[in-house]
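Just below is one structure, and these are the notes that go with it.
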Amino acid sequence: MVDPLNAWWAQQLVLCDWAFAPDPLDVEPPTAVARLTALGIHDRGELGWCLLEAFDGTRVDPARLLAALELTALAGASGWLPVERARAWALRLADEITARHADLDAWLEALLHARSAEGWVRGDDGFWEACEALSRLEHEGEGVTWNLVSDWVARERHGQPLWPDAPGERAWRLRAAFAPVLALPAVVQDWPDAATWLAEGWQIAGRDDLIRCLLWLAGQGHRQAWDLDATRLLQADAAARRAWREALPVPDAAYGCVMLAFLEQGEPLEWAAWDWLRLVDLSWAGACLGWLEASEAADFANHALELVQHRYSDWSALVRAYQRGRSLFEGHNCLKSLDRDWRLLLQSPVSPWRTSLQELAEPAERQAARRAMAEWRRSPRHWVLALASVREPELATRQGPPAPVAAERRNDALQYLSETLDLHPEEGAEALARYWLPAQAHHLNQLAADAAHGALPSAETAFGHPQPADLAARDALRQGCRYAATIHMAEKYAFYLQMAMDTEAFEPTALECFAEALRSTLCRFYPDARRLLEAWAQWDALLPEAEQPPLTAEIRWHLEDPGSPFHWLDWHSHEWHEPGPRPTLRRFTAMALVGPLNMPAWSEPQVESEREALSIREWVDDHYAITGRAELGEFVDFLLEAGDRQEYQINYAPYTLNEARLASEIAMLESGDCSEEDRHHLLRLRRVRDNEDGCNDVDLTAWDLAQAVDLAIAGRQLGWLEAEAFADVLERAHVLAGERYADWIAYARGLYAGFSFFMGETPERESFLAGMRQALAAWLTGAPPLGGPWASLDFPGARARHWAPMHVDTLPGDAQTLH
């Protein structure tokens, strides 16, 4: 039985100088490929454009339709198109031709007219003879008549799809922005020079480079920097915008002009399609080269489709956004050429974009793509990268397979760790545990809860009033009461960890363990990316860093951009463990007894490296003349059992009962030359006489307790106190504080009085006392919030007075925590 389409198709190919044959696809593949090359068609992308152009509605061109029929036959014969896809195109072409031309004569007349318009004269070639041969075929009954094929086409026009339409293939329609995908799977012949193009245009030399670039385009691309610029410029006046443009380096000047033009014209400041469509293009290149498996490339394409559908309602919105991005990248306004650049795809009746953008999604393929994107970022180091890239966006290019770190970067990382943290590779990776500060998160969460309930300490203290800005910062913490503050500490830790990784000088396995611990902790306190980023943005705004610009805009960008790596991390952790030990609330309270004598102890002290230990030993020796384990243990015991307070009770307290004797003693010492020891004694007698800083009225035990805890922490860092002995010191200090004082205010008075009374002679005394008063006010009031933790802690033995935070990020042992 005669196949109507094949017969009609073969008849039309006679006009292309083909010999009439029953099957138009019956051509040897090498011959068909050679003919395609001779016609200027070197890959399937060019073929797709030719087929689209044949249906250009702006002008009816019979010659172009005829040429498309020939190309379709050659593509089917060469294997470029599956037979059924080639027949689908031939059927669509037949439908177009027969619908426009009532019969064969009308069709031939149209072709002859088109040839004449191009300057063709009958007799110049064999086209006229071909027309006559075609007429004979129809009239002599060797083929099919025009009416027969016209009726058959009308019945069959809704047959095979023109574009890949099987499950998992529809996402490739996005690639039509660069060249239509006619058939799958991708092969080298689809893009013969893809490797050269990737190397020259993208500096991509292989599979790993390509995957990193694909993840970068999905997760950040060019759009992040442009978005952040636009956000800042929207809030700037004309003068500030002009100053911004003038400050740009010369290569970016054109970009700045386009950005400002978009602002002035009220153009939507959105261009993510520039990244996401190129994501599809590079995925196709990888598939053509064999660098990506077909399923891998499809996952990236479906990921791009999901992102595009999240942001854009239709094809028009997509291409306009792409054109805006292209404008910024190329430095001139490409919106002016939008219609010319995109008309075929948006208007052609056979465009792969005739299907609604929102109808391309296939649930199974979308889920597969989501799993694949999470799998690429499965390793814990991707959490570190994501967090650190907010401070240093360049790190986003490292997603995917690990890449060697450049020597310059390694040196920069070493310098950063040395100068900023005093951390050195010889200390070992375990030294990073010291930068994990769980007690700080507890403190912030507690202040936020108290602030929300109006339960913060009074701003008035016996030591002064905090600065208004510090009080305002403390009171504003109520805005963070719904968000765990872990991220405030954890993101800095992640940056330090990334720097350690970049040095390539620490044990990689240990760093990987820290990264896994970081992930498990954040997964515990934040159920998803949105919650983490909202918390981070809130706490970043509440606790800005004095010497660093705020990160709030960058964090908000990650919150709002659907491609941000945060939304595609692995949010499952098998077991919760932290990068450093988490002290109990009782131990943290005991360590806080050190007060302003030292920096707040936001974590359990660890045995330090020899480098760190050297400076600690020097401090212990200089201040206390202690040179070893036994001496330190004995002196800590002395401080807890007697301490400086005993000296006051024995040598000075009796004078408070006999003013005459006190005056006589002072007069005698003042009348003669004093040794250094006598001079110190005289200074203290005067302080007793004047009851300076209440030394005669308050219990000075706090001074001994603060020193004891301070020395115990140093001893633990030196390894002079074992964990059990350190715990014993903290417990004894905790109990003694509860026995001697009612609250932190009384403890602060005792600490200040002891600090003042036992201070040696120095011209800086008033400066030291002023600094201590200021610090004590900060510790008591929580202003500034990180000044010290007394404001968030119940005093040892005192009745609980704090409100329970709304989440679980508090220290163990907090009976008020809601779990």
Side-chain angles (χ1 to χ4, degrees), residues 9 13 16 24-25 27-56 64-93 160-166 168-198 277-298 300-301 304-305 344-345 348-355 360:
W9 194 359
L13 292 177
C16 300
L25 303 182
V27 179
E28 289 297 321
T31 303
V33 171
R35 175 61 178 159
L36 284 168
T37 302
L39 292 172
I41 307 300
H42 302 283
D43 57 61
R44 285 194 293 204
E46 291 182 74
L47 175 63
W49 282 124
C50 289
L51 294 177
L52 273 177
E53 289 166 356
F55 293 89
D56 188 348
R64 187 174 289 177
L65 290 169
L66 179 61
L69 270 176
E70 180 180 19
L71 292 177
T72 303
L74 293 170
S78 66
W80 283 19
L81 286 178
V83 170
E84 289 305 316
R85 185 72 47 74
R87 285 180 55 83
W89 275 103
L91 180 63
R92 188 64 182 82
L93 287 162
Q160 290 289 325
L162 301 177
W163 307 99
D165 204 52
E169 295 181 345
R170 304 183 87 190
W172 288 116
R173 299 193 182 197
L174 291 171
R175 208 255 162 178
F178 307 94
V181 173
L182 276 170
L184 292 165
V187 294
V188 174
Q189 289 77 14
D190 279 319
W191 200 341
D193 61 346
T196 301
W197 178 77
L198 288 172
L277 286 180
R278 292 185 302 155
L279 167 61
V280 179
D281 196 32
L282 266 67
S283 302
W284 182 251
C288 292
L289 290 168
W291 292 357
L292 298 178
E293 298 292 335
S295 60
E296 292 176 324
F300 279 113
L305 176 60
L344 268 180
L345 287 172
S348 172
V350 295
S351 168
W353 290 2
R354 296 299 290 179
T355 302
L360 294 183

Any chance you could lay out the side-chain contact (heavy atoms from CB on, under 4.5 Å) test for L182 and W89, step after step, and finish with the verdict? CA-CA 10 Å; L182 276 170; W89 275 103; 3.7 Å; yes
Could you check R87 against V83 for side-chain contact (heavy atoms from CB on, under 4.5 Å), going step by step and ending with a plain yes or no? CA-CA 6 Å; R87 285 180 55 83; V83 170; 4.2 Å; yes
Quick one: do E70 and L39 satisfy side-chain contact (heavy atoms from CB on, under 4.5 Å)? Show the steps, please. CA-CA 10 Å; E70 180 180 19; L39 292 172; 4.2 Å; yes
Run L66 and C16 through side-chain contact (heavy atoms from CB on, under 4.5 Å) and show every step you take. CA-CA 8 Å; L66 179 61; C16 300; 3.7 Å; yes
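Taken from OG in S348 to CZ in R354, the straight-line distance is 7.5 Å, to the nearest 0.5 Å. Note that CG of L91 is 11.0 Å distant from OG1 of T72, once rounded to the nearest 0.5 Å. Here CG of L360 is found 12.5 Å from CD of E169. Values are rounded to the nearest 0.5 Å. Rounded to the nearest 0.5 Å, atoms CZ (R44) and CD (Q189) are 8.5 Å apart. The distance from the CG atom of L69 to the CG atom of L51 is 9.5 Å, given to the nearest 0.5 Å. S351 OG to L52 CG: the interatomic distance, rounded to the nearest 0.5 Å, is 6.0 Å.
Across all non-hydrogen atoms, the minimal contact from P24 to A73 is O-CB, 3.9 Å. Scanning all heavy atoms of the two residues, the minimum distance from A32 to V27 falls at N-CG1, 4.1 Å. Taking every heavy atom of both residues into account, W353 and L174 meet most closely at CZ2-O, 4.1 Å. Closest non-hydrogen pair, E296 versus W291, comes out as OE1-O, 4.4 Å. Closest approach of A183 and L81 over heavy atoms only: CB-CD2, 4.3 Å. Residues A179 and G45 approach most closely at CB-CA, 3.9 Å, considering heavy atoms.
By the 4.5 Å heavy-atom criterion applied to side chains, R92 and P349 are counted as neighbours. No side-chain heavy atom of L47 sits under 4.5 Å from any side-chain heavy atom of P180. In this structure the side chain of L25 reaches within 4.5 angstrom of the side chain of W9, judged on heavy atoms.
Aromatic ring orientation, W172 versus W284: perpendicular (interplanar angle above 60°, classes split at 30° and 60°). Relative orientation of the W197 and W191 rings is tilted, given thresholds of 30° and 60° on the angle between their planes.
Listed for the W80 side chain is no donor-acceptor partner under 3.5 Å among the backbone atoms of D43. E46 places a side-chain N or O within donor-acceptor distance of the main-chain N or O of H42, the cut-off being under 3.5 Å. With W163 contributing its side chain and V350 its backbone, the two residues share a donor-acceptor pair below 3.5 Å. At distances below 3.5 Å, at least one donor-acceptor pair connects side-chain atoms of S78 with backbone N or O atoms of A75.
Residues meeting the side-chain contact (heavy atoms from CB on, under 4.5 Å) test with D165, sequence neighbours left out: P161, R170, R173.
In E53, the CD atom is crowded: over 12 heavy atoms of neighbouring residues, nucleotides or ligands sit closer than 6.0 Å.
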